[in-house]
Protein chains: 2
Amino acid sequence: MTQATGPSRSHPVTLSDVARLAGVSIATASKALNGRSQVRAETRQRVIEAAERLSFRPNQLARGLLAGRTGTVGLLTSDLEGRFSIPILMGAEDAFGAGEVAVFLCDARGDAIREQHHVRALLGRRVDGLIVVGSRTDPRPSLGRELPVPVVYAYAPSEDPEDLSIVPDSVGAGRIAVGHLLACGRTRIAHITGDPGYLAAQERAEGAQAALADAGLALVGEVRFGAWSEGWGRAATAMLLDRHPDVDAVLCGSDQIARGVMDVLRERGHRVPEDVAVMGFDNWQVLTSASRPPLTSVDLNLEQVGRAAARALFSAIAGGRRSGVETLPCRLVIRGSTAPLS
Amino acid sequence: MTQATGPSRSHPVTLSDVARLAGVSIATASKALNGRSQVRAETRQRVIEAAERLSFRPNQLARGLLAGRTGTVGLLTSDLEGRFSIPILMGAEDAFGAGEVAVFLCDARGDAIREQHHVRALLGRRVDGLIVVGSRTDPRPSLGRELPVPVVYAYAPSEDPEDLSIVPDSVGAGRIAVGHLLACGRTRIAHITGDPGYLAAQERAEGAQAALADAGLALVGEVRFGAWSEGWGRAATAMLLDRHPDVDAVLCGSDQIARGVMDVLRERGHRVPEDVAVMGFDNWQVLTSASRPPLTSVDLNLEQVGRAAARALFSAIAGGRRSGVETLPCRLVIRGSTAPLS
DNA sequence: AAACGAACCGAAAAGGCTTTCCGAGAAAGT
DNA sequence: ACTTTCTCGGAAAGCCTTTTCGGTTCGTTT
């Protein structure tokens, strides 16, 4: 089993190994490596060389044990496969990784029991803080106020207003979308969106209608709720065209829906964007860039949500106290599926 | 800043707190909680109750410091946004999370410098092992043999045959695909695939051609390399139909390509699957289930790759030594885009 | 020459836990 | 009653690093 060769077997090199090689005490070695001032330059150099020769890496466990802070955080996601969690996770990992913080990744698979289990495990590892990433924007139960470390909720806000949550501005996203369509001169705008049980669907619709109202307009027909799928986009478009053939823009609740909408529009002989402008939400590259024409979409800036959550957690660890739901603006990405009416 | 209330301020509860509350020594408390036999049942019970009352969580740092093993592993991915990394990562997280192992997530963003930085940081945290997840199946540079902990490469194998790598069987995937098309009675099969610079494209094509040769057949035309995009799928299909209008199956190098292929087939009046069967690779849900008809695809079983890598790392940590590239079979997922010729 | 200060260096403790070893007390045997 | 054998519980070492504080060695000053 265990080979006699290779460094795998040798016990990890410690500070005392370095000290011995450099001919100084452990204390001096530590000071030399950490830039403390009480070491002669020549001695310091000797220690540094010894450390490099042994490729010494200070044991963060011991360091953390002593300091009371470990430089680790827990990233608790509810579904890794969800395409919303990933960018947030990237943003957070990015913000932390740049510093000296390491991230524990835990996937609760949407199960509260498993989530609780992970929280306990993470606390046992003495993480300095937690980020809880949701898979949809609907509020979720708080982990509780009794935790010994700060917690920041990302994407899915906590139900407890005392917690700090960072979410994209869905209402604003709806406003941005309609604003763009209006700027393109569209006035007969329909809205086909997904599952009405999703707060995101409701809020985007709310923002869209508010922006229309500001312009003295209203949607063509009602908001068409359904499912977050291409199939629903196709079906809803068929109905829409039957009832309102004069529609000149379709705002879609997601890029998937938009794909379905565009397919049916093209099949029925409506040109995009000349006759009907189409746009979606999420800015999911694989869908937006592959469609014909490429799809204008509202990007939720999820990476920024992740980064903001990481920064918020940072400052909370440092003692800062914020609470409530903070929203981050979304961003319009214009492609070929929307254009001014000529 | 620091409030006087709440548990955030109070110092974390330690074993000695528990011992004091239970009226025993630290040693006894430890033994009681860890199921050591040298404690009377009644005493043990008292300790356990004390621990629960204080919601005591043993400090894993201290434990790891002592044991020499931390129960943590590093998961080094080269691009988090890549859709291939995520399932592998899920599988690994799953396999570890079930045990008592926590996962450090690091994204090197395809940068060797950053990767090296992360490796050093992880070693400083005394991880018990590393999993390196690539974003494509082409071999990548080894992290080296001199690392003090075992390493397993997933999806992208290491260039060093002494390392252990777990990858999906791309050649086999190609064989499986063609096998299915042959079983459907198709004999005039074309292959439209992606970037020829990807080993996956080459190997799938190789497997497909081998399976055809076994049946005494050959591809319709050459392998059509291009890009991993719907656009290429559309363009290649147009050319294909011009030259070989009698084709009865198109094997696509990815689901994206397949989407493009199916769009053009439908536009040109070819029925899928009656006239032409279509299938892809990757089994990317959002594409396969939304297409018309739903797309038959070869699933790479990436979650299993992740799980296998985790298990391999486990056994390597325990002292087992394996090396070389181990392949995992892929899996056919049949949907509406393929059917027997009637 | 004695004393003082500055500059360096080292011993030791702390941090939380596990484990080994030992002592004390109780139960059993003579 | 005394020894032997168990059973329990405690003291202490050890893991690795940082930091405080006391000590040593110079060079300077009076």
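Given the structure is predicted, the values throughout are model-derived calculations rather than measurements. Protein chains get the first letters and strands the later ones, always in sequence-line order, with residue 1 at the start of each.
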Worksheet item: Just by distance, with hydrogens left out, do A:Ser85 and A:Asp79 show a side-chain donor and acceptor under 3.5 Å apart?
Response: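 Yes, side-chain donor-acceptor contact under 3.5 Å.
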To the nearest Å, give me how far apart [atom1] ([X]) and [atom2] ([N]) are.
| X | N | atom1 | atom2 | value |
| --- | --- | --- | --- | --- |
| B:Arg69 | D:dC15 | CZ | C1' | 15 Å |
| B:Ile26 | D:dG14 | CD1 | C1' | 14 Å |
| B:Arg44 | D:dC8 | CZ | P | 9 Å |
| B:Glu42 | D:dT7 | CD | C1' | 14 Å |
| B:Arg36 | D:dT7 | CZ | P | 17 Å |
| A:Leu66 | D:dC15 | CG | P | 17 Å |
| A:Leu15 | D:dT19 | CG | C1' | 13 Å |
| A:Leu65 | D:dT18 | CG | C1' | 11 Å |

Worksheet entry | End axis versus end axis in the helix from C:dA1-D:dT30 to C:dT30-D:dA1, the angle rounded to 10°, five pairs used at each terminus |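 The end axes of the helix from C:dA1-D:dT30 to C:dT30-D:dA1 are about 70° apart, to the nearest 10°.
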Worksheet entry | side-chain N/O B:Ser25 vs D:dG9 OP1/OP2, d < 4.0 Å | no
Worksheet item: So, is A:Asn34 near the phosphate of D:dT18, with a side-chain N or O under 4.0 Å from OP1 or OP2?
Response: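 Indeed, a polar side-chain atom of A:Asn34 lies that close.
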Any idea which heavy atoms bring [X] and [Y] closest together, and the distance?
| X | Y | value |
| --- | --- | --- |
| B:Arg322 | B:Ile166 | NH2-CD1, 4.4 Å |
| A:Leu54 | A:Val13 | O-CG1, 3.5 Å |
| A:Thr137 | A:Pro157 | O-CD, 3.1 Å |
| B:Gly134 | B:Tyr155 | O-CD2, 3.5 Å |

Fill in: Approximate separation, where rounding is to 0.5 Å, of B:Asn59 CG and B:Arg57 CZ
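Atom-to-atom, B:Asn59:CG and B:Arg57:CZ are 11.5 Å apart.
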Discussion item. Categorize B:Ser30 for me: base, sugar-phosphate, or nothing, with a 4.0 angstrom heavy-atom threshold over every strand shown.
Written reply: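 Base: the residue B:Ser30, judged by heavy atoms under 4.0 Å, touches a nucleobase.
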Worksheet item: NA contact type, A:Thr28, heavy-atom cut-off 4.0 Å: base, sugar-phosphate, or nothing?
Response: base
Discussion item. Would you call the rings of A:Phe96 and A:Phe314 parallel, tilted or perpendicular, taking 30° and 60° as the class edges?
Written reply: perpendicular
Worksheet item: Closest nucleotide of DNA chain D for A:Val13 versus for A:Gln38: which of these residues is on the 5' side?
Response: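 Going by which nucleotide is closer to the 5' end, it is A:Val13.
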Worksheet, complete the sentence: By nearest-nucleotide position on DNA chain D, the 5'-leaning member of B:Arg126 and B:Val39 is B:Val39
Practice prompt. Give me the first and last nucleotide of DNA chain C, going 5' to 3', that has any atom under 4.0 Å from a heavy atom of chain A.
Written response: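 Taking any atom under 4.0 Å from a heavy atom of chain A, the span is C:dC8 to C:dG16.
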Worksheet item: Has the side chain of B:Tyr153 got a donor or acceptor atom that lies under 3.5 Å from a matching backbone atom of B:Val325?
Response: no
Worksheet item: Between A:Asp111 and A:Arg109, is there a salt bridge with N-O shorter than 4.0 Å?
Response: no
